[in-house]
Amino acid sequence: MARYLVFDLETENYKTYKRFANPFDEINYVVARGWKAQGDERCSWSYHTGRSPENRLHIPDDVTLLVGHNLKFDLLWEWDNPELKAFFKRGGRIWCTQYAEYLIQGARQDYHMPSMDFIIESYGGRKKIDEVKALWEMGVKTSQIDKDLLIDYLVGTEAEGRNSGDIGNTELIFLGQIKKAMGKSMLKMIHTRMDGLCATAEMEFNGLKIDVEEARRRIKDMGEELIEMDAELEQYIPELPPELKFNWASNVHKSALIFGGTLKYIKKAPYIDEKTGTVARKQATEQWPLFGGYPTSPEGLAPCPNHYPTIFYPGQDVYTSGKKKGQGRFKAVTVPGEVKQKNQEFHVELPGYTVPDKKWETKNTDAVGHPVYQTSDDVIEELGSRDIPFLKLMAKRQSLVKDLGTYYLRYDESKKEYVGMMTCVMKHSHIIHHSLNHTSTVTTRLSSSDPNCQNIPKEGTSEVKKMFISRFAGGKMIEIDYTQLEIVVQALLTGDKQLIEDLLNKVDFHCKRVAAWKNISYEEAVARCKNPAHQEYKLWHGYRTDAKVFSFQRAYGAGAAKISDTTGMAVDDVKDLIEAEELLYPDILSFNQRVEQAVQKSAVPFRDPIRGFRTFRRGTWQAPTGTLYSWRTYDAPKWAKDKGINDTFMPTEMKNYPVQGTGGEIVQMQLGLLWRHFVANDNYGGRALLCNTVHDCVWIDSQPDVVHEVAVDAKRILESVPESLERIFGIHSPVPFPCEVEVGNNLFDKQVYHV
DNA sequence: TGTTAGAGCGCC
DNA sequence: AAAAGGCGCTCTAACA
């Protein structure tokens with residue numbers, strides 16, 4: 001008989017290498033484990049004081065589904081548990097209630113990483129005792145929390161029959177979600193994505209091997225390069241007061257330097273006392289001599305020549321009796337002392353090297369309220385023709401600092417700690433265990449964090465990828481990419497005949513756009529744009545680059561004005577090109593219209609707590625796979641408001657989410673299959689490991705002897721999208737999903753691998 | 001001392 | 001007619 005098993009762990013919770021309750025660090029261990037198999041009347045639990053062979057989840061042979069909330073967290077603790085491996089090998093599946101809830105709710109922002117408490121009441125349950133949570137928030141370690149209290153939290157109190165707590169709530173949510181998912185035709189889609197979740201758990205477990213020697217070399221070199229650059233740049237900084245150190249990382253400083261502006265700095269200085277209207281001073285006491293009973297300032301008085309030091313000044317009052325008889329009389333007088341200083345804001349105006357364009361204004365202002373201007377790469381590029389001496393070097397410095405501080409290591413003086421990706425490299429293994437998040441985007445794409453391993457600079461930007469090496473002796477890194485995934489997905493979703501035909505014919509879309517734009521044949525465009533021997537190659541290759549930018553922008557729904565702005569193409573040319581596309585691929589237009597109609601039709605009002613509880617609307621569209629997408633309205637643009645329309649959906653978002661989301665979904669589906677293949681083959685006998693995914697690609701670390709086999713298998717499995725769609729969803733794909741394999745000693749020095 | 005918004009920028 | 005999509009990290013500046 002098939003049964004589900006709900007389980008949950010309470011673990012020691014030291015955050016190390018940016019990872020909360022890091023399971024890869026021996027410092028942490030499972031403190032308490034709770035579980036309940038389908039049909040059990042009470043939850044079971046165990047309590048532990050450290051790692052041990054007994055501290056493992058037991059999975060009975062008839063269990064076919066593991067259930068948990070934020071299940072990947074718990075699974076990673078058990079990932080090398082032989083019983084879990086056997087469970088997966090016999091086809092066992094998982095259900096994460098957090099992921100399922102996110103999907104059921106259409107990936108809405110407010111359902112990203114939903115906590116159990118956030119959703120429990122909608123499934124008829126009660127929020128848990130928050131005493132344990134309060135202890136955690138105070139920084140108490142799990143192992144220090146009273147055992148009975150922790151167990152109550154985990155599985156419910158004796159009074160509740162030990163059938164509540166985290167475990168009971170998870171079961172309640174799970175059962176409710178199954179019903180909801182069936183009602184919305186989402187069950188197959190959710191089950192499919194859960195295998196994708198296993199694939200990324202495997203990747204986090206395996207992590208990424210870092211060449212720390214290479215990292216050290218680069219950090220040293222870059223540090224030296226930075227010092228040289230700063231010395232070279234120094235000459236362009238105007239003379240500034242010593243309290244103001246020009247900061248090349250400050251947008252305010254850069255804007256003022258380039259375009260002129262006022263910088264502020266803090267300096268200790270005298271100030272006017274409001275009470276007296278004069279310069280503020282400390283109080284001091286002085287001993288003033290008395291003359292005729294009145295104290296007089298001794299300043300300017302000559303000392304008494306005959307009676308000094310008993311009588312200080314000529315004519316000074318003297319004591320006539322007592323111990324001090326005959327001595328000069330003094331009185332303590334309060335006088336203004338040392339000038340007081342306090343921290344005050346001072347300004348210094350920089351003349352600037354050139355005049356800014358109004359469109360570069362930012363929301364920020366300088367010390368006197370003038371706008372701060374953008375100093376981004378785009379702006380620097382536009383300034384290229386203005387003959388400003390230091391801009392190139394400044395841009396170079398900017399990218400070096402970005403590289404060093406984000407992807408290597410840099411000491412942050414203000415935070416008094418190191419920052420950068422290297423802080424996540426584990427000390428002995430030299431592995432980065434990154435996080436791949438399934439519930440953090442509105443399109444159902446994955447995200448990555450701690451560190452983000454989905455934005456590592458590619459060749460041409462940085463040498464960072466050289467650090468990513470194989471963990472095996474003589475091993476290779478394999479990267480497999482889908483080619484033009486989003487265009488393929490657009491063809492799948494829209495069923496556009498021409499787009500399908502073009503994909504099948506392997507048309508170069510950019511050349512095709514150039515042909516439409518310049519009114520020449522496709523063949524002629526290819527000849528001019530792609531053949532360096534052509535006499536006008538340079539010009540036409542440039543047109544193709546414009547067309548490329550055009551396609552990306554169109555994919556994101558940009559309008560003619562914006563595209564004209566970034567490419568420099570004439571607005572009318574862009575408009576013509578858009579029109580030509582709509583005629584060429586008419587089903588893309590009609591698909592977008594169908595999505596918009598569905599969104600408008602399903603729209604319901606809601607109040608936005610972030611925008612003063614004002615009313616907006618939310619609408620959805622469901623993809624053929626069952627994935628639900630959700631959009632909200634925003635304040636209407638001015639021209640719409642003039643027509644009495646208050647709030648509008650963003651057409652750009654409506655065009656983009658289905659394509660971006662379905663692309664992500666397809667990759668995740670295939671990752672699940674790939675992972676199943678690796679499970680069935682015991683990771684090629686431990687010789688190849690899945691280790692990362694970046695939206696349309698997969699990274700694999702492999703021993704040299706299985707590289708070919710792995711590359712062939714992985715390419716075949718990833719390309720089997722049409723078969724998967726047919727088998728799981730009964731969807732026919734009119735287009736293939738081709739992939740390209742690259743292999744190298746690291747992720748930088750890799751080459752196309754023909755299988 | 002810690003939090004937050006904005007700018008900027010890396011990836012797809 | 002019209003508004004370039006999705007992420008996460010680092011840095012500064014302003015604020016409590």
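Throughout, a chain's letter reflects where its sequence line sits, starting with A, and its residues are numbered from 1. Scope of the values below: all heavy atoms of this structure, side chains included, with no hydrogens, waters or symmetry mates.
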Look at all strands and tell whether [X] reaches a base, only sugar-phosphate, or nothing, counting heavy atoms closer than 4.0 Å.
{"X": "A/Lys415", "result": "nothing"}
{"X": "A/Lys402", "result": "base"}
{"X": "A/Lys655", "result": "nothing"}
{"X": "A/Phe552", "result": "nothing"}

Over how many whole Å does the gap from [X] atom [atom1] to [N] atom [atom2] extend?
{"X": "A/Asn452", "N": "B/dC12", "atom1": "CG", "atom2": "P", "value": "11 Å"}
{"X": "A/Asn247", "N": "C/dA14", "atom1": "CG", "atom2": "P", "value": "13 Å"}
{"X": "A/Ile266", "N": "C/dA14", "atom1": "CD1", "atom2": "C1'", "value": "12 Å"}
{"X": "A/Glu413", "N": "B/dT1", "atom1": "CD", "atom2": "C1'", "value": "17 Å"}
{"X": "A/Arg554", "N": "C/dA3", "atom1": "CZ", "atom2": "P", "value": "13 Å"}

Exercise for review: Specify the residue among A/Leu446 and A/Gly420 whose closest nucleotide of DNA chain C lies further upstream toward the 5′ end.
Suggested key: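 Its nucleotide being nearer the 5' end, the pick is A/Leu446.
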Exercise for review: Please tell me which of A/Asp378 and A/Arg410 maps to the more 5' nucleotide of DNA chain C, matching each residue to the nucleotide holding its nearest heavy atom.
Suggested key: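 Its nucleotide being nearer the 5' end, the pick is A/Asp378.
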Review point. Looking at A/Tyr629 versus A/Tyr657, is the centre-to-centre ring distance below 6.0 Å?
Key: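 No, ring centres 6.0 Å or more apart.
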Review point. Any idea which of B/dA7, C/dG5, C/dC9 is nearest the A/Tyr556 side chain?
Key: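 Nearest to the side chain of A/Tyr556 among the choices is C/dG5.
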**Study point:** Residue pair A/His347 / A/Glu345, side-chain donor-acceptor N/O under 3.5 Å
**Key:**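 Yes.
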**Study point:** Contact under 4.0 Å: A/Lys254 side-chain N or O vs B/dA7 OP1/OP2
**Key:**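 Checking A/Lys254 against B/dA7: no side-chain N or O falls below 4.0 Å of OP1 or OP2.
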Review point. Does A/Ser250 put a side-chain nitrogen or oxygen below 4.0 Å from OP1 or OP2 of C/dA13?
Key: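 For C/dA13, OP1/OP2 do have a side-chain N/O of A/Ser250 under 4.0 Å.
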Review point. Any Lys/Arg nitrogen of A/Arg445 or A/Glu486 sitting under 4.0 Å from an Asp/Glu carboxylate oxygen of the other?
Key: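 Yes.
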Point to revise | Lys/Arg-Asp/Glu bridge criterion (N-O < 4.0 Å) met for A/Arg218, A/Glu214 | key: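 No.
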